[in-house]
Amino acid sequence: MMMPIMSFVGNLGYVFVCLLGGYLTVRKVIDIGDIQAFIQYMRSFTQPITQIANISNTLQSTAAAAERVFEFLDEKEEVPETDSPIHLEQVRGDVEFRHVHFGYRPDKMIINDFSSVIHSGQTIAIVGPTGAGKTTVVKLLMRFYELNSGSILIDGHDSLEFTRNELRSMFGMVLQETWLYSASIMENIRYGNFDKTDEEVIEAAKTAHCDEFIRSMPGGYQMMINEEASNLSQGQKQLLTIARTILADPRILILDEATSSIDTRTEVLIQKAMNNLMQNRTSFVIAHRLSTIRDADLILVMKDGDIIEQGNHKELLEKKGFYADLYQSQFADHERSET
């Protein structure tokens, strides 16, 4: 505010000199030349003050920038890697949450004393309204955030015993927002595992139900995807990311329902591809439509950032709690839309 205020005050000074000088000239007290002299005096007087205001603006911007820098420097360091990390030759996919407590701020806990045992090959659905904290559980699994207390075990080993790179390599993710980079379709799928051959990439594409549309493209598997990936539809991009995850062959999957913005035919293909992907793997499914997770082995119901119910579909409906109300409301909305 300093610079515009000083400019405004300086301009008021010019107006005052002109008005008073004009009045005194009419009264024959001073000459017009005196007015010109006073305007020059005003300019000489306000110029250094304007420069000071300009420097003040720069100093304030510098202080604001320095505050951000020091705030960043004052942040706690990431928890260092363990000195003796373990390496699993064969990952089964057993996951255990043991008395997990977590909050983005110490004074506001989100997850309170959550415990659950998930066996290899089971499907775990995480449901709840928007903003309930469904992705928070996923972030804790992959150590994007550290727990306040408690532990998460993978195949009986605390996640802190692995390096972050080793831990995250056990997971495969298919999210709502797809990302591809400017390269051929073959290379985009191979991003899941650079050691795989062309034949294995094609096999993964067939499993993901995207081989047919790839071969119909100009250049087939060697077609270049542009920088924005705008030469592919949303459904095609989603199928490619599923093929990439199949090629990576992770033991634990994280699936964020990705069929909300695509046509019905592509939705069927993506659902088939995801079913192929989930076979014999531990799967965490962030679900928006409850009809898609009725067969899940365990459903975690979240509300206001906390896990308020857990069980399978039948058990939760019998409880007649929040999940039952959520399911019935979606079912009623679906019936009204069909009518």
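Remember, it's a predicted structure, so these values are computed and weren't measured experimentally.
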- request: In plain terms, say whether Glu71 and Arg68 are close enough for a salt bridge, that is, a side-chain N and a carboxylate O under 4.0 Å apart.
  value: no
query: With no hydrogens and no angle check, is any side-chain donor or acceptor of Glu81 less than 3.5 Å from a backbone partner on Arg164?
result: yes
message: Please tell me whether Tyr221 and Asn188 have a donor and an acceptor in their side chains that are separated by less than 3.5 angstrom.
response: no
field: Gln40 atom CD: more than 12 heavy-atom contacts under 6.0 Å
entry: yes
message: Donor-acceptor check, side chain of His119 to backbone of Val117, threshold 3.5 angstrom: yes or no?
response: no
query: Any sub-3.5 Å donor-acceptor pair from Arg244's side-chain atoms to Gly192's backbone N or O?
result: no
- prompt: In chain order, what residues pass the ring pair (Phe, Tyr, Trp, His ring centres under 6.0 Å) check against Tyr14, with sequence neighbours excluded?
  reply: none
- request: Check the surroundings of atom OH in Tyr181: do more than 12 heavy atoms from other residues, nucleotides or ligands lie under 6.0 Å from it?
  value: yes
- prompt: Are Tyr191 and Val201 connected, step by step, through hydrophobic side chains (Ile, Leu, Val, Met, Phe, Trp, Tyr) whose heavy atoms are closer than 4.5 Å?
  reply: no
message: When you compare the side chains of Tyr104 and Thr136, does any donor N or O come within less than 3.5 Å of an acceptor on the partner?
response: yes
task: With sequence neighbours left out, write down each residue that passes side chain to side chain contact (heavy atoms under 4.5 Å, CB included) with Ala204, or none if nothing qualifies.
output: Ile246, Leu247
- request: Please state whether the rings of Phe97 and Phe114 are parallel, tilted or perpendicular, taking 30° and 60° as the class boundaries.
  value: tilted
query: Counting only N and O atoms by type, is there a donor-acceptor contact under 3.5 Å from the side chain of Thr245 to the main-chain atoms of Gly172?
result: no
- prompt: Under 3.5 Å, is there a donor-acceptor pair between the side chain of Thr282 and the main chain of Gly93?
  reply: yes
message: Can you confirm whether Leu12 sits close enough to Phe8 that some side-chain heavy atom of one is under 4.5 Å from a side-chain heavy atom of the other?
response: yes
- request: Report yes if the side chains of Asn193 and Asp249 come closer than 4.5 Å at any heavy-atom pair, otherwise no.
  value: no
- request: Please answer whether the main-chain N or O of Leu160 pairs with a side-chain N or O of Asp158 as donor and acceptor at a distance below 3.5 Å.
  value: yes
field: Geometric class of the His157/Phe162 ring pair [parallel <30°, tilted 30-60°, perpendicular >60°]
entry: perpendicular
Lys/Arg N to Asp/Glu carboxylate O, Arg215 vs Glu212, below 4.0 Å: no
field: Name of the residue among His313, Gln328, Glu315, Glu309 meeting side chain to side chain donor-acceptor pair (under 3.5 Å) with Tyr323
entry: His313
